[in-house]
Structures are given as C-alpha cells and as structure tokens.
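Numbered from 1 within each chain, the chains take letters A, B, ... in sequence-line order. Only this structure's heavy atoms are used, side chains among them; waters, hydrogens and symmetry mates stay out.
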There are 2 protein chains.
Amino acid sequence: MQAPDTPLTHQRRKDARPAELTAAALALFVERGFAATRLEDVAARAGVSKGTLYLYFGSKEELFKAVIREGIVPVIEIGEALLETYRDDPEHLLREIIFGWWKMIGSTPLGGIPKLMIAEAANFPEIAQFHYDEVIVRIRRLLATALELGQAKGVFRQVDVVAQVQIILSPLLMLAIWGHSFACCDRAGIDPQRYLEATLDLILNGLRKPRGNGENGDAP
Amino acid sequence: MQAPDTPLTHQRRKDARPAELTAAALALFVERGFAATRLEDVAARAGVSKGTLYLYFGSKEELFKAVIREGIVPVIEIGEALLETYRDDPEHLLREIIFGWWKMIGSTPLGGIPKLMIAEAANFPEIAQFHYDEVIVRIRRLLATALELGQAKGVFRQVDVVAQVQIILSPLLMLAIWGHSFACCDRAGIDPQRYLEATLDLILNGLRKPRGNGENGDAP
DNA sequence: AGTTAATAACTGACCAGTCAGTTATTAACT
DNA sequence: AGTTAATAACTGACTGGTCAGTTATTAACT
C-alpha cells in the first residue's frame, strides 16, 4: 500500500527547491497579492513545509525579491538580441518584439509580473526600482531604438519617441494584466493573437509615413 | 490653550462620514492594496475612530464594495453624454473622450481605481464583475460607437473594432496605473498632457483612411 | 431624561517566523 | 557487506504580534 521509492515527504532536493519555491510564490503572489498570500500555501504548492521555505529564504520579502530578480531579467537579453537580427527591417523588428514578448513573457507565468509589480510597487520601493531599472527601462530602450531605426530609414514618421514607446507598450502590458484580473468576468475574452495582430495594425498604420507606399488599408 | 468651538473629537456628522470614509479608504486601498490596508488607518485618515467606521460599514469588504460602487459609475454617464454632443465629428469625439477621461477620472483620486480593481479582481470576483459590467463594458461601448461612427462617416478605416477599443483604452489605463505605481521610480516622468496628445496622434493616424485628407504628419 | 453619534478598550483569529525533533544521506570503521 | 556515527534536509507544532471586528462607555444634541 506504499511506494517506497517516491515518499511524498522528506525528499531531499536542495538544488531544486529554490526554483520550485519561487515558481509557487510567483503564482500565488500574482493571483492574491503579496500581503494576502500565506507562506504556508506557497510551501504547500511547492510540495514542502513552511520550515523548509525558511531554509532557503530569510523572510517573505526576501522570497518576493527573489521572484522578481530571477523573473524577467534573463528574457530581456533575448529581446535585445532581436535588434541585431532585424536591424534592416524596422516593421519586422517591431513585429518580432511584440510577438516574441508574448511568447516568452506574456503567455508564460512571467506574464503575471506586471500585475504583481504594479500592485506592490508602492509597498516595496526598492524592488520596484530594481524592476524599473532592469526591465522597464531596457524594454523601453529596445522599442525606442526600433522606432528611431524606422525613422532613420524613412519608414516611420517623426513622432514623440519617448511618449510613443510607453504608448506602444501599454496594450501589451494590459493584455498580460487582463489575463490575471478581469479575464474571468470577460467570458469569451478576445484571442491574444487577434489582439496582438490588431495592435500591430494600429501601431504600424499610426507610425508609417502618410504616403510612403502603395499597399495599405486591409479589412479584417 | 483650546478652541472649544472645534473639538477634534466626538463631532457628530452622520451625513458626511460615509463619503469621508470611502474617500480615505480609496486612497489607502489604492496605495497599499486591500489586505495591507488597516482599517484603523482608514478611520484615522477620515478623522474618526475605528468603531465609528463600523457604524457605517458592516465589514472591510463592505467598505471596499462601497468604494467601487460610488466611484466611477456616476462619471460614466457624463462620458456617454459626449456621444450626442459630438456625433457629427468622430475625431473630435475621440479627443473629448480621452481628455475628458483624464480630467474627470485619470487625474482625480478615481484614477487609482484601475490599479486597485486589477490587483483585487481575483480576490473579489463579485466586485470585479460589478466594475466590469458597470464601468469597463460601458466605456468600451462608448469608444466602439465612436469608432463605428467614424467608419460610417468614412473618416476611419475598417478595423477590428472589438480589439481596437481595448487597445485604445490601454494607454489611458496605463497612464493612471503608472501614477500609482512606478511614478516614484520614474523621476521626471512624462507630462500627462504630452502623453495623451501623443496617444491621440498615434490613434488618429492609425485609424484614418490612408489617403482621405491632405493635412497629415505633424512633427513634434 | 432620552436618544444617538462617537470613542477606546477589548477579544480572538490568523499568520510570519522559530525551533526541537525526525528522516534521509553520507562517511567511517569494522 | 554490514553496522554505526555524523551531518544535512526537512517537518510541524508553537509563539508573539497584528488587526478585523465587538462592546462598554462617554459626549453631544433634542
């Protein structure tokens, strides 16, 4: 009546624990918020006792810091690499950034981080500053470069790049946020692919020079 | 050494209390989140003791419900009235909706509600549903009407209206959310007027028919 | 004097963080 | 190979502080 090879408890897996704990914490922090999340629930979700959690993280806030630190930062580098690959085609670059973001961040558990960080930024200014410096600023810089590239190539109009970068990011962030907030209310919510396609449609038509090329205006 | 005409305590102002309490609660819920907000702090901010709060609201959750119920809903009606006023000029209508939203909601304490509702939607599905039905759906409908009006008039291209409505709302919501989250990190954050102007710029250029009119492409 | 708004002291549930004890793994020594 | 000692991962009951919600009392107004 018992499988001795896989005891449910007292397994010793020092290496795997931290990542399993931060994954569990991310999921619960995103869903409930930092204050409303019980560490006992985090531990249970990671298949471990509360005491074990404290072997790896000194406090609830330390756990939060770890979640944010190891979260999006590694993925950003991949995004920045796109710049080199598509340097000669700004419209294609923009498309790759947007759909790449969805594939690597938005549609993964990391997609909860925007909601989490927005909710907790005022309570944890240090962590917010880190996320701002290491994620937000870098994504903005990447997008700004894409826009400036397009302007230099004469594909895009002259626009307020600083403002447009933030504006263009908004629909992406809101898509991710939505999935972790009102998605349940929004029965038959819109398909992400369709939403992103429409986003790209608005952005490209909004940025392109008014008379540049012939093909334009596609009906849905 | 004391002003007997204005005692700081034991003032009897039954009528004014509820609104003062919900205003205090809105501010603190937005800043800290529901769970991390202490009712003692809410009461103190409203110049009242915790016991008094319970004379007017049965529980912390009731207080939250009241905050959301009396929050944005009344302002929505004003927005919907714009439709009649600017029915014949869709671009102008869009501009009025966007800047009206900023003036009546985004730049006021109500501007915190998007952050608050996003953070708490999963914890309070009922309240989320109410806000979704009474605020989100109605704002979307207003914007959708504006777009369809523009298409009918031949000013706007044929676009995926359902998607575009959500996309267009995103930069507005993010502007409000930003002010209550990362604004502190973002020293010298962008001016809201400039941001909204750029938003309208992208949207109108993105929606307009490619060859419709002569004047286009303004440099910042 | 009676009524009601407001207060402040109080209670009890909850949860972050601790620690004494348990179990698995490794090492040492036959 | 088998026994035992030592270590390190893990557990869960416990504690102390915090805070939502209650209540006995006080102050204001009629």
Side-chain angles (χ1 to χ4, degrees), chain A residues 2-29 31-67 116 120 123-124 127, chain B residues 2-29 31-67 116 120 123-124 127:
Chain A
Q2 195 165 335
D5 54 342
T6 57
L8 292 153
T9 189
H10 281 280
Q11 286 186 111
R12 306 169 109 246
R13 304 194 302 113
K14 188 181 160 82
D15 294 349
R17 298 301 191 199
E20 290 171 359
L21 283 162
T22 51
L26 173 60
L28 292 180
F29 284 164
E31 186 186 330
R32 306 180 190 172
F34 178 83
T37 298
R38 293 184 329 190
L39 289 189
E40 211 154 1
D41 291 345
V42 173
R45 186 182 243 257
V48 112
S49 73
K50 187 156 62 130
T52 300
L53 193 156
Y54 277 91
L55 294 176
Y56 296 99
F57 302 95
S59 68
K60 197 179 184 185
E61 185 168 347
E62 281 299 317
L63 176 62
F64 184 27
K65 278 183 189 162
V67 166
L116 174 57
E120 304 298 344
N123 296 328
F124 302 96
I127 302 178
Chain B
Q2 195 163 337
D5 53 341
T6 57
L8 291 153
T9 190
H10 282 281
Q11 286 186 111
R12 296 161 71 92
R13 304 194 302 114
K14 190 180 157 91
D15 294 348
R17 298 301 190 200
E20 290 171 358
L21 284 163
T22 50
L26 172 60
L28 291 179
F29 284 164
E31 185 185 331
R32 306 179 190 172
F34 178 84
T37 298
R38 297 195 328 233
L39 289 188
E40 211 154 0
D41 291 346
V42 173
R45 186 182 244 257
V48 112
S49 73
K50 186 161 61 139
T52 300
L53 193 156
Y54 276 91
L55 293 177
Y56 297 100
F57 302 96
S59 68
K60 196 180 184 184
E61 185 168 347
E62 281 299 317
L63 176 62
F64 184 27
K65 278 183 189 160
V67 165
L116 174 57
E120 304 298 343
N123 296 329
F124 302 96
I127 302 178

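Using a 4.0 Å cut-off between charged nitrogen and carboxylate oxygen, A/Arg45 and A/Glu20 do not count as a salt-bridge pair.
Between B/Phe124 and B/Phe64, the ring-plane angle classifies as perpendicular under the 30° and 60° cut-offs.
You'll find the side chain of B/Phe57 reaches within 4.5 Å of the side chain of B/Thr22, heavy atoms only.
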Next on the checklist: Set out, in order, the CA-CA distance, both residues' side-chain angles and the distance that settles side-chain contact (heavy atoms from CB on, under 4.5 Å) for B/Asn123 and A/Glu31, then state yes or no.
Outcome noted: CA-CA 8 Å; B/Asn123 296 329; A/Glu31 186 186 330; 5.5 Å; no
Item to check | Residue pair B/Val42, B/Arg38: steps toward the side-chain contact (heavy atoms from CB on, under 4.5 Å) verdict | outcome: CA-CA 7 Å; B/Val42 173; B/Arg38 297 195 328 233; over 6 Å; no
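Summarising the geometry, the separation between CZ on A/Arg13 and P on D/dC10 is reported as 8 Å, rounded to the nearest angstrom. In this entry the distance linking CD of B/Glu20 with P of C/dA5 reads 15 Å, nearest Å. The distance from atom CD of B/Gln11 to atom P of C/dT7 is 9 Å, rounded to the nearest whole Å. A/Asp41 places its CG atom 13 Å from the P atom of C/dC14, with the value rounded to the nearest Å. Put simply, CG on B/Asp15 is 13 Å from C1' on C/dT4, counting in whole angstrom units.
Checking side-chain atoms of A/Lys65 against main-chain N and O of A/Lys60 turns up no donor-acceptor pair under 3.5 Å. The closest donor-acceptor contact from the side chain of B/Glu120 to the backbone of B/Gly33 lies at 3.5 Å or more, if one exists at all.
Across B/Lys50 and B/Leu39, no two heavy atoms sit closer than the pair CD-CB, 4.3 Å.
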Checklist outcome for this item: Under a 4.0 Å heavy-atom criterion, the protein footprint on nucleotides 15-23 of chain C, written with B, S and -, is SBBB---BS
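Taking only side-chain nitrogens and oxygens, B/Thr52 never comes nearer than 4.0 Å to OP1 or OP2 of C/dA6. Residue A/Arg17 has a polar side-chain atom (N or O) positioned under 4.0 Å from OP1 or OP2 of D/dC10.
Using a 4.0 Å heavy-atom cutoff across all strands shown, A/Tyr56 reaches sugar-phosphate atoms only and no base atom.
The strand DNA chain D forms stems, runs of 3 or more Watson-Crick or G-U wobble pairs with distances below 3.5 Å, at C:1-30 with D:1-30.
The CZ atom of B/Phe34 lies 9.5 Å from the CG atom of B/Leu116; values are rounded to the nearest 0.5 Å.
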